[in-house]
Amino acid sequence: MRRAIYPGSFDPVTLGHLDIIKRAAAIFDELIVCISVNSAKPSGLFSPQERMELVRAVTEDLPNVRVDCSQELVAEYARRNRARVLVKGLRAVSDYESEIQMAMLNAKLYPKLDTVFLYTRPKYAFLSSTVVKELARYGADLSDFVPRQIIEQVRAKVARGGQDGILHSEKE
Ligand code: ADP
């Protein structure tokens, strides 16, 4: 069984993430989308629990995709879940530099672990969760950026200022 992990913040999941999820799910037997709560981005707009629910909502039709959340190092999470592949999406050369460093670090922590990079579809190359949050703050149309099932939730959360989300994730 080839199990892969796609780790990230997913705050919130975008069409760029979903494209990588679908393509990775077609390559591997099982894909675990793991919301990593890391020290670099301790709080966010959505709590980790909410982010999981959003990813679940947009991957319902993908039977080999599982959604999880972790506070541990990704390499430890992979070892514990007996996964030997990490999937990462690459948008630009700027992503490459930090991702290659992370890939080498993860291989040092868990030598059986390899990182597979999937290039972004050009139409999503500019897309990030940060861009989505910024657009939502200005009330822009989000339909080209996030899956339609979650547009309302993103809009509502940003309108509330995300304060409940921030408090939520600090407690966890
Ligand atoms: P961000 O907050 O920048 O959207 P995440 O930490 O949630 O990023 O991203 C998780 C993974 O998904 C990373 O490997 C990142 O490079 C990748 N990714 C993010 N957005 C895209 C996109 N538009 N196309 C391809 N890969 C992406």
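The figures here come from the full heavy-atom set of this structure, side chains too, leaving out hydrogens, waters and symmetry mates. One-based numbering, in listed order, for ligands and for the atoms of each.
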Can we say Lys123 and Asp144 salt-bridge, meaning some charged N sits less than 4.0 Å from an Asp/Glu carboxylate O? no

Considering only NZ, NE, NH1 and NH2 on the basic side and carboxylate oxygens on the acidic side, decide whether Arg56 and Glu53 come within less than 4.0 Å. no

Out of all atoms in ligand 1, which are within 4.0 Å of some heavy atom of [X]? Include the element for each.
X: Ser9; answer: 5 (P), 6 (O), 7 (O)
X: Glu99; answer: 13 (C), 14 (O), 16 (O)
X: Tyr124; answer: 22 (C), 23 (N)
X: Lys88; answer: 14 (O)
X: Phe10; answer: 7 (O)
X: Ser128; answer: 3 (O), 4 (O)
X: Ser129; answer: 2 (O), 4 (O)

Would you mind telling me if ligand 1 is within reach of the side chain of Ala125, the backbone, both or neither, using heavy atoms under 4.0 Å? neither

May I ask you to decide if Leu142's main-chain N or O and Arg155's side chain share a donor-acceptor pair within less than 3.5 Å? no

Mind telling me whether Phe145 and Phe126 have parallel, tilted or perpendicular rings, with 30° and 60° as the class edges? perpendicular

Does a side-chain heavy-atom distance below 4.5 Å link Pro7 with Tyr77? no

Non-hydrogen atoms of [X] versus ligand 1: any pair closer than 4.0 Å?
X: Tyr6; value: yes
X: Arg121; value: no
X: Ile20; value: yes

Please round to the nearest 0.5 Å and tell me the distance separating atom [atom1] of [X] and atom [atom2] of [Y].
X: Gln101; Y: Met104; atom1: CD; atom2: CE; value: 8.5 Å
X: Thr120; Y: Arg23; atom1: OG1; atom2: CZ; value: 7.0 Å
X: Leu73; Y: Asn106; atom1: CG; atom2: CG; value: 8.0 Å

Closest to atom 10 (C) of ligand 1 (judged by heavy-atom distance), picking from Cys34, Gly89, Pro7: Pro7

Any N/O pair Thr130/ligand 1 closer than 3.5 Å: no

